[in-house]
Structure formats: structure tokens, C-alpha cells
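Structure, as C-alpha cells:
Both ligands and their constituent atoms are indexed starting at 1 by order of listing.
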Amino acid sequence: MTATLFIDGQWVPAASGETRTISCPADGSEVGIVSEAGTADAEAAIAAAKKAFDSRVWADTPAAERGDFLFKVAEQLTERKDEFARAEALDTGKRLVEAEIDMDDIIACFKHFAKLADQDAGRVVDAGDPSVVSKVVYEPVGVCGMITPWNFPLLQAAWKLAPALAAGNSLILKPAELTPHTGILIMDVFDKLGLPAGAANLVTGPGATAGAPLSTHPDVDLISFTGGLVTGRKIMSSASETVKKIALELGGKNPNVVFADADFDAAVDNALNAGFVDSGQVCSAGVRLIVEESIKEKFVDELVRRAESIRMGGPFDENAETGPLISAEHREKVHAYVQKGIEEGNVLRTGGHFGGEEHKDGCFYAPTVLDNVKRGDYVVTEESFGPVITVETFTTEEEAVETANDTVYGLAGAVWTSASGTAHRVSSRLRHGTIWINDYHPYLPQAEWGGFKQSGVGRELGIAGFEEYREAKHIYENTAPAVTGWFRMPNQ
Ligand code: NAD
């Protein structure tokens, strides 16, 4: 019997008995069969998380011990790195080496929040009266629902799981239905390390049934979601009914601004990384190349030449430099997006097609460059979430900033220049949550991550990513209680 739901410390099948077969997008091979949770399972997981939270079994565990637990999780992940990386590579189709890098980031994330767990219990506030003791203490929020996407399945989950557990919450994780295996493995780690039953629960299943209750149920106090803008709006709207705390990490339409004085080779090389790593299925992908007019022809010629030599392949193909898209359905969407751009007058410089005969069983899409793009075009307004770089130009710094900010999103972006003044003026004016100067993609668990504008609400990582999972409570004690005299005594 397939029993991959982890509810109240037990591995159980879906109440309906339904299952889902997971296949690798690189070649269609079967990866595993998992339980297909529905609304009843999500509700059972919420009840287990509430019971655990109300019992205070994890919330009242000393913060230092919660931190120790997370350090032990990091140790287990290090020991089982190969098993986890393989599971992630098979579910997503990404190269094993990329999944291994993800594992290093996940381990670093658990260590970061392990360190924060007992660092800041609260503060004393000066009430201006020596007989008053006034303090602000931090407490866990309660029951946290977590919904995550398929591009970095365990990494996106880790950004939520680690701070939530560090702060003493109970939680329910609902990973993307296409990539459930590392969610199952991490619950196994929690279980074996003795996390109290109900503190962490897992439902593997679709968003509309297994995920939706997490944003509507009155017993869920916080919903943290990473995924697309359209789903994010739905979750925000349904969470408003019960006024949940909400954290949203949504998409991006991220500018990569290149000035003529930038290091040419480094800028071209990083433009490829920005747009094509993980086949562009990265929320912060630098898919909007905005290049100074005077170097545009030379820059794009070189970009196209390099893009054409990128080798596609599956997780264990050592010659591969990039993997497939997540599904045939997603590839159709990316292709339709490119076609729409061409219909609008954008010029296809390379790509725009599926992988060749050797990749016919996988969901590969060739690295694509669309030129002759201008502000307002469909391809610079909507996310493709595929390997599609668009090219716009500018002639002045002002125009570069205006173009880079001309989007409803605001997740990340980069500026390439050898002039420090230009770099800092431009980066201070870009309305995006992460700015790279002469680099693209690195992030640090110690630094906040999140979006301006419609890229999201709240922050993950850093210190703010811990605060999302804590409530501040003010406790005011009068050590010399006295009659106030505000209301007259009845006999006066
Ligand atoms: P998606 O919004 O379709 O799905 C994300 C998750 O939401 C999945 O687990 C899905 O099952 C669930 N879901 C779908 N409908 C739901 C509903 N009605 N109620 C509750 N849950 C529901 O996104 P996706 O296609 O999996 O991921 C791609 C998107 O994620 C892109 O837009 C990308 O930019 C974004 N993303 C953002 C970040 C970030 O940090 N900002 C990181 C990764 C991905």
C-alpha cells in the first residue's frame, strides 16, 4: 500500500486510496508512486498540527534544543545528501550536480535558522516607571501551512520548514504534486530524529484539493506560499476570510542591465547563467536582458553563439549543461509564449524549438533568444518560466532604470558596469528585492530574500525570514498596583 502522507507522526495513505505516478521529465521513466491527498487528508493534517501546537510539546521545547534539532537535521542531510539529490534530480529532471548544489544550500539554510533559534527571546521596554516591568516576547505563530513549487522543491520548502520549526510552530507542508519525493524524505529525517508527532505533517497532492484548505481553514494561523502570481492572488484572497498571516514568494520578470563599460566576457557568460540555469525555471532568472545600445549587436551575437552550444541532457548525463522543463504541458506553454512573441514582431535569434531526436522522450526546450523587444511587449510583461531571454536596449542611465522597473514584478535584477557610481545609483533605484552588481544568482541564507510589488509579501531567509514565524507579545507588569481613581467610588 502506498502511504506517503505524514500525519500526526504516522505514514498513511490518502483517505480516498488514490495514488499518483511520478515520472522523470528527462525521459518519462517512472520515479515512484505517491499517495494523492485530497481535502480530507489536508484537514486531518491541520487537526494534527493544531493538536500538537495546543499541547505545546514543540512550542515549549527550549529554543536552544529546537536549534540543536535543526543542526541534527543538517547533519542528516549531509549524510544522506546523495539519496536526497538523486530524488530531487529524478523528480525535476535537473542535473545531479545542480541537485547537489541545492542540497548544500538546504543544509546551510537549516544551520542558519538553527543558529537564530535561541538568539533573541525578546526585549525589555522602558515604561518610564520603575515599578513597571514591560517586556516584548516572541512566540510561535501557531499552525503554519506551506505550499511550494516544483523548481527547487526541497530548497523552497527548507526556507519555510527551518524557521517555522526554529520558532516552535507546527506545520503542514504541501509540495508541488509533480515533485513530492524530497518532501517525503525530509519528514523521514524529522521522524527519525524524534520530532514530536503532529509538529510537522506532509500532504502530497494537487493544489486545488490538498493545498486549498491550508489557505481557508480557520485553524491555520499562517500560510506561506511560493509559486505563481495567479495562485498567489487566489491564496491571498482565500486567506483573507480568516485573516491569516501571509507570506508570498511569487514570480519575477527580472532585469539584467548591461552597460557598455562592463567586463564583456563576464557579462555575456553571466547573462547565459542568468537566463538559462535550470532551463530558466528560476523565479529570479535574469530573462530580461537590457543592454546599452552601443554594444548590443556584439553582445547579442556572442550570447546567441554561446546559447547554441549549450548541451541539454538528463540528470546523470555528464556532458549535459542544462536539463528539461518540468512537464510536457509546461513546455507547450513556453513554446506558445515564444510563438506569441514572434507574432508580435520579436525576432527569434536562436532556439524556439523542442530538444532534438536524442531527447525525444524528455521535455527539453532549446535555449531561446528573442530580439527586437520593446517595453510593454507580451514577452517582457509575462513570465515564461522557461529558457527564454529577451533583448531590450537603452541609451541613457535613466532609460535603463525606467525599463528595468517597468514590470508589475520586483523580485531580483542585476547591473553590469565597471563604474562604481553607476552601479550604486542604478541599484538604489531598481525596485526589486535582490540586486546583484557584476554577478547573477548568488544568494546567502543570512540575507533576506523576497519581492517588491507583485513578486510577493514578506521575506524569507535572513532575520526577517525567521520573524515571519514569530508573534510579538507585549507583557506589562505593574509591581505596585494601586487604585487609579479614574472612576469615582459609588459613595463619593
Ligand atoms: P503554481 O502556482 O502553479 O503552484 C505552486 C504550488 O501551489 C503547488 O504546490 C501547487 O500544487 C499549489 N497550488 C496550485 N493551486 C493552488 C490553490 N488553488 N490553492 C493552494 N495551492 C495551490 O506554481 P508552479 O507552476 O509550481 O511554480 C512556478 C511559479 O513559482 C513561477 O511563477 C515562479 O516564478 C514561482 N516561484 C517563485 C519563487 C520565489 O522565491 N519568489 C520561487 C520558485 C518559484
Side-chain angles (χ1 to χ4, degrees), residues 20 25 34 36-39 42 46 91-92 94 102 105 109 145-160 172-180 182-183 202-217 220 223-239 241 244 246-254 277-287 325-327 329-331 333-334 337 382-386 388 407-413 432-434 441 443 448-461 465:
R20 173 187 291 258
V34 299
E36 182 83 326
T39 304
I46 293 167
D91 274 4
T92 60
K94 69 171 67 176
D102 293 352
D105 288 354
C109 170
M146 303 172 175
I147 300 177
T148 48
W150 42 256
N151 53 347
F152 295 92
L154 188 58
L155 184 63
Q156 299 296 342
W159 292 9
K160 305 179 195 304
I172 307 102
L173 171 66
K174 208 275 321 151
E177 52 272 41
L178 299 178
T179 55
T182 48
L202 173 79
V203 285
T204 52
T209 49
L214 302 183
S215 64
T216 53
H217 199 289
V220 177
I223 176 86
S224 178
F225 168 78
T226 302
L229 178 57
V230 173
T231 316
R233 284 188 187 126
K234 272 190 210 159
I235 285 178
M236 195 169 185
S237 156
S238 52
E241 277 298 310
K244 296 190 194 316
I246 184 157
L248 301 173
E249 295 288 344
L250 308 176
K253 197 70 212 177
N254 312 290
V277 158
D278 214 7
S279 296
Q281 301 170 114
V282 184
C283 49
S284 51
V287 285
L325 295 177
I326 190 66
S327 64
E329 188 194 359
H330 183 52
R331 181 171 61 173
K333 278 194 202 154
V334 172
Y337 174 98
E382 299 294 326
E383 248 192 330
S384 77
F385 222 54
V388 184
T407 166
V408 298
Y409 291 106
L411 187 59
H432 299 265
T434 295
H441 277 322
Y443 79 92
E448 274 73 3
W449 176 268
F452 282 38
K453 300 197 276 181
Q454 295 186 34
S455 282
V457 176
R459 288 293 179 273
E460 297 199 291
L461 301 178

Side chain Q281, main chain I326, donor-acceptor under 3.5 Å = yes
Output yes when a side-chain donor or acceptor of S455 lies under 3.5 Å from a complementary backbone atom of L411, and no otherwise.
-> yes
W159 heavy atom under 4.0 Å from ligand 1 | no
Short N/O distance, under 3.5 Å, between K234 and ligand 1?
-> no
For the student: nearest non-hydrogen atoms of H441 and A285, plus distance = CE1-CA, 4.0 Å
Exercise check, heavy-atom protein proximity under 4.0 Å to atom 27 (O) of ligand 1 | yes
Rounded to the nearest 0.5 Å, the CG atom of L229 sits from the SG atom of C283 at a distance of 13.0 Å
Any non-hydrogen atom of W449 lying under 4.0 Å from ligand 1?
-> yes
Look only at interatomic distance and state if N151 has a nitrogen or oxygen under 3.5 Å from any nitrogen or oxygen of ligand 1.
-> no
Which heavy atom of E249 sits nearest a heavy atom of G458, and at what distance?
-> OE2-O, 4.1 Å
Using distance alone, decide if ligand 1 has a nitrogen or oxygen within less than 3.5 Å of any nitrogen or oxygen in G205.
-> no
Protein heavy atom at shortest distance from atom 23 (O) of ligand 1 = G228 N, 3.3 Å
The closest protein heavy-atom partner of atom 12 (C) of ligand 1 is I147 CG2, 3.5 Å
Give the residue, atom name and distance (to 0.1 Å) of the protein heavy atom nearest atom 42 (C) of ligand 1.
-> C283 SG, 3.0 Å
Of all the atoms in ligand 1, which lie at a distance below 4.0 Å from a heavy atom belonging to T148?
-> 6 (C), 8 (C), 9 (O)
Is the closest N or O pair between S455 and ligand 1 shorter than 3.5 Å?
-> no
With distance as the sole test, does R459 use its side chain to make a donor-acceptor pair with the main-chain N or O of G451 at under 3.5 Å?
-> yes
Compute the minimum heavy-atom distance from G451 to ligand 1 and say whether it is under 4.0 Å.
-> no
Side-chain donor or acceptor of E383 paired with backbone N/O of G252 under 3.5 Å | yes
The protein heavy atom nearest to atom 22 (C) of ligand 1 is G207 CA, 3.4 Å
To which of A285, G252, G227, G433 does the heavy atom nearest atom 35 (C) of ligand 1 belong?
-> G227
Charged N to carboxylate O under 4.0 angstrom, E177 versus K174?
-> yes
Please state which part of L411 comes within less than 4.0 Å of ligand 1, counting heavy atoms only: side chain, backbone, both or neither.
-> side chain
Heavy-atom distances under 4.0 Å are what count here, so tell me which part of F385 touches ligand 1: side chain, backbone, both or neither.
-> side chain
Within a strict 4.5 Å, meaning less than it, do heavy atoms of the I172 and I46 side chains meet?
-> yes
Nearest protein heavy-atom contact for atom 3 (O) of ligand 1: which residue, which atom, what distance?
-> T231 OG1, 3.8 Å
For ligand 1, which atoms, with element, lie under 4.0 Å from some heavy atom of P149?
-> 26 (O), 27 (O), 43 (C), 44 (C)
Can you find an N/O atom of E383 closer than 3.5 Å to an N/O atom of ligand 1?
-> yes
Considering only heavy atoms, does Q281 approach ligand 1 within less than 4.0 Å through its side chain, its backbone, both, or neither?
-> neither
Check whether any side-chain heavy atom of W159 sits under 4.5 Å from a side-chain heavy atom of L461, and report yes or no.
-> yes
Ignoring hydrogens and angles, tell me if any N or O in the side chain of K160 forms a donor-acceptor pair with the backbone of G145 under 3.5 Å.
-> no
Look only at interatomic distance and state if L250 has a nitrogen or oxygen under 3.5 Å from any nitrogen or oxygen of ligand 1.
-> yes
Does the side chain of S238 pick up a donor-acceptor pair with the side chain of S215 at under 3.5 Å?
-> yes
